[in-house]
Engineer: 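What follows is a structure written as structure tokens; I'll ask about it next.
A quick note: this is a predicted structure, and the numbers were derived from the prediction, not measured. Just so we're on the same page: letters track the sequence lines, and every chain starts at 1.
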Amino acid sequence: MAKQQRTAVSPTRAEDYPEWYQQVIRAADLAENSPVRGCMVIKPWGYTLWERMQRDLDAKFKATGHVNAYFPLFIPKSYLEKEARHVEGFAKECAVVTHSRLELGEDGKLHPAAPLEEPLIVRPTSETIIGEMYAKWVQSYRDLPILINQWANVVRWEMRTRLFLRTTEFLWQEGHTAHATEAEAWEETRRMLDVYADFAENHMAMPVLRGEKTADERFPGAVSTLCIEAMMQDRKALQAGTSHFLGQNFAKAAGIQFLSAEGQQEYAWTTSWGVSTRLIGGLIMTHGDDDGLVLPPRLAPLHIVILPVAPKEEHRASVFEACDKLAEELGGLAWHGNALEVHVDKRDLRGGEKMWSWVKKGVPLRVEIGPRDLENDAVFVARRDTGEKQSMPRAAFVGEVRERLEAVQSNLLQRARDFRAANSRNIDSLADFKAWFEGDGGGFAWAHWSEEAGPEAEALLRDLKVTVRCVPYTDTAEPGECIFSGKPSKQRVVFAKAY
RNA sequence: CGGGGCGUGGCUCAGCCUGGUAGAGCGCUACGUUCGGGACGUAGAAGUCGCAGGUUCAAAUCCUGUCGCCCCGACCA
């Protein structure tokens, strides 16, 4: 077949972005839909990616003083009822366990039996049950702070689901902390937002805006929700992580009280923060291209794949040996505190098929070694992010492989930053705002806005499917007037269509 | 929950209008030729046509019911 411009993934991003997204997941073998509606099976390549994320995030949580624990999957219904806004926010999407047994009926089918006295909710999040436990654990200001994280699955019965971005069951971590003072809890809320932003940018190579959610977008029951927002390649925003300042709302609901140094009974101040497998969706849509997944080296399950090229049977032994030797040598190198992950693909497949399978999976560096390379003591190296290929002396490659991975990592971040910059702008009039977002248009619009923008503004935003993504942290805040209502605004907020 | 659509080998689908005993491509298995780039040939395995009723000599096809899934809307990490 003639060499042609053919993409590994079809349709391309430009042709049909949502379909492209699904096809990348399939091509890279990350996950697939399960027999259970809205739930996904995360396949080994996708799960290893999640494990890499867990590894790096967990280290950051530990470094900021947190420890891991585990709380139950089931939450008594009465717990959830204790915080009014929390109930309101989650009630519509809860899976409820009402029975504890199945009995074989005359019809040969199983029927639920033994109804529970109190129904159990499959956790959509764990504030309430963790709060109950904290109430028992805290008596004195000396018991604070409590800084606990848990890695868990949660269930939210969503109406429409998309692999990784929104599934009925998903994996995440949820940090839950309790503090003696408001200031300390606020500090924690901000610290963890920074941890997320650092992870997103430096590990995922996904640039994010840090900011605060408006009242509409706030976590149910929180006083304030901070978030990181990323821009996908279709210019839509993805909320990639949230950190909530819960004030004393949950402490009051659960009765987390302590005796202060001054001898006063006081309610604790709590926070919670989480990121989920949604990050994998963000990763796909930030870096993926028309040939599939593109992985930032710091999170790649494999850094380097080595493909033996043995056109004739008599080459096999020597080529394989050279590949194994290179893999062993590279595997002995450490990068960012972890050994390089290297794999020699000895599968009995045709060269092209084998190569493309790794391209689609997004492995950062591909090395090919054949008889000619052995003669010249050379290796043929290809970069996934740029498609750049070159033959180079083996020793030179080993010597600079880490710099090369670093280059891929920073190129991905820079590319994503440039994309976001090219699709962000200040908007100062309603007409410009409409023009910017109409049809498939959009990106990040930085505009002045007032909390009391009015019903007309709300209607327009609904029509355009645009929301305020966040009130961003910025060092160039300048006051202005709301483009909808003319009311005074302290700073620009970021509008976008969102996932 | 409203409005559309679809259930046929592992996957994507044709066949249905105009009933006559099941097809294609991809994938899979074997052998051969290939192989520094997503190959080709030959042979082969694989489907109670979502499920239940009905009409008929005969149903993937027509009728009724039912279950499930997908897309679009209201809700969301």
Side-chain angles (χ1 to χ4, degrees), chain A residues 1-10 16 18-19 22-23 26-27 32-38 88-94 123-125 152-162 164-174 196 213 216-220 222 225 227-230 237-244 272-282 291-292 307-313 315-316 319 345 347-360 366-376 378-382 389 391 462-463 465 467 469 498-499:
Chain A
M1 182 190 278
K3 179 98 172 150
Q4 54 181 302
Q5 294 291 34
R6 178 177 159 196
T7 58
V9 174
S10 160
D16 184 346
E19 183 61 22
Q22 310 234 85
Q23 292 306 325
R26 188 207 282 246
E32 59 186 72
N33 277 307
S34 77
V36 183
R37 177 198 165 80
E88 213 178 293
F90 285 108
K92 294 182 295 273
E93 50 188 42
C94 285
R123 64 179 163 221
T125 180
N153 59 337
V154 287
V155 166
R156 297 183 187 173
W157 216 266
E158 302 288 353
M159 301 191 175
R160 296 192 58 195
T161 58
R162 292 187 75 189
F164 292 117
L165 296 174
R166 175 167 299 107
T167 47
T168 299
E169 179 191 18
F170 57 95
L171 305 183
W172 79 345
Q173 58 69 215
E174 46 181 330
Y196 288 153
K213 284 292 187 190
D216 288 346
E217 304 270 328
R218 202 175 279 154
F219 176 77
T225 289
C227 63
I228 52 172
E229 292 282 330
L238 182 79
Q239 177 176 310
T242 47
S243 183
H244 314 292
S272 68
W273 28 274
V275 295
S276 71
T277 36
R278 173 176 251 205
L279 289 176
I280 295 175
D291 286 327
L307 307 181
V309 178
K312 302 224 169 63
E313 184 58 35
H315 296 133
R316 277 175 68 93
V319 167
D345 185 355
R347 288 178 299 169
D348 184 21
L349 287 179
R350 281 184 309 278
E353 200 175 331
K354 193 186 276 194
M355 173 197 104
W356 280 105
S357 74
W358 295 110
V359 170
K360 289 185 283 193
R366 186 174 83 243
V367 173
E368 297 168 9
I369 297 179
R372 289 209 294 273
D373 301 305
L374 293 191
E375 282 169 32
N376 304 325
V379 291
F380 182 84
V381 182
K389 299 173 208 169
S391 183
R462 200 177 319 116
D463 287 352
K465 294 179 183 167
T467 48
R469 296 322 301 154
Y499 274 97

Engineer: Ignoring backbone atoms, test whether A/Arg26 places a side-chain nitrogen or oxygen under 4.0 Å from the OP1 or OP2 oxygen of B/rC11.
Structural biologist: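 No, outside the criterion.
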Engineer: Would A/Thr467 and A/Arg469 count as having a side-chain donor-acceptor pair, cut-off 3.5 Å?
Structural biologist: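 A/Arg469 and A/Thr467 do have a side-chain donor-acceptor pair below 3.5 Å.
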Engineer: Around atom CH2 of A/Trp157, are there more than 12 heavy atoms from other residues, nucleotides or ligands closer than 6.0 Å?
Structural biologist: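 No, CH2 of A/Trp157 has 12 or fewer neighbouring heavy atoms, counting only those of other groups under 6.0 Å.
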Engineer: Which part of the nucleic acid, if any, lies within reach of A/Tyr499 when heavy atoms closer than 4.0 Å are counted: base, sugar-phosphate only, or nothing?
Structural biologist: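 Answer is nothing: A/Tyr499 stays at 4.0 Å or more from every strand.
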Engineer: Across the strands shown, which category fits A/Ser276 at heavy-atom distances under 4.0 angstrom: base, sugar-phosphate, nothing?
Structural biologist: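 Here A/Ser276 touches the bases of the nucleic acid.
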Engineer: What's the CZ-C1' distance between A/Arg278 and B/rA77, to the nearest Å?
Structural biologist: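 Distance check: A/Arg278 CZ to B/rA77 C1' gives 5 Å.
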Engineer: How many Å lie between NZ on A/Lys354 and C1' on B/rG38, as a whole number?
Structural biologist: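 In whole Å, B/rG38 C1' lies 14 Å from A/Lys354 NZ.
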Engineer: Distance alone, cut at 3.5 Å: any donor-acceptor contact between the side chains of A/Arg372 and A/Ser391?
Structural biologist: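 The criterion, which ignores hydrogens and geometry beyond distance, is not satisfied for A/Ser391 and A/Arg372.
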Engineer: Hey, what are the protein-to-nucleotides 34-36 of chain B N/O distances that come in under 3.5 Å?
Structural biologist:
{"unit_1": "B/rG36", "atom_1": "O6", "unit_2": "A/Pro371", "atom_2": "N", "d": "3.0"}
{"unit_1": "B/rG36", "atom_1": "O6", "unit_2": "A/Arg372", "atom_2": "N", "d": "2.8"}
{"unit_1": "B/rG36", "atom_1": "N1", "unit_2": "A/Asp373", "atom_2": "OD2", "d": "2.8"}
{"unit_1": "B/rG36", "atom_1": "N2", "unit_2": "A/Asp373", "atom_2": "OD2", "d": "3.0"}

Engineer: What stems show up for RNA chain B when you take Watson-Crick pairs (N1-N3 plus N6-O4 or O6-N4) and G-U wobbles (N1-O2, O6-N3), both under 3.5 Å, and require three or more consecutive pairs?
Structural biologist: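 Stem list for RNA chain B: B:1-7 with B:67-73, B:10-13 with B:23-26, B:28-33 with B:39-44, B:50-54 with B:62-66.
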Engineer: Which residues pass the ring-ring contact (aromatic ring centres under 6.0 Å, His included) test with A/Phe90, not counting sequence neighbours?
Structural biologist: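 Here the qualifying residues are A/His86, A/Phe219.
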Engineer: Looking at the side chain of A/Lys465, which of B/rG73, B/rC69, B/rA77 is the nearest nucleotide?
Structural biologist: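 Nearest to the side-chain atoms of A/Lys465, counting from C-beta on, is B/rG73.
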Engineer: Once you apply a heavy-atom cut-off of 4.0 Å, does A/Thr225 come out as touching a base, just sugar-phosphate, or nothing?
Structural biologist: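 Touches nothing.
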Engineer: Would you indicate what A/Leu238 reaches in the nucleic acid, counting non-hydrogen atoms under 4.0 angstrom: base, sugar-phosphate, or nothing?
Structural biologist: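 Nothing, no nucleic acid heavy atom in range.
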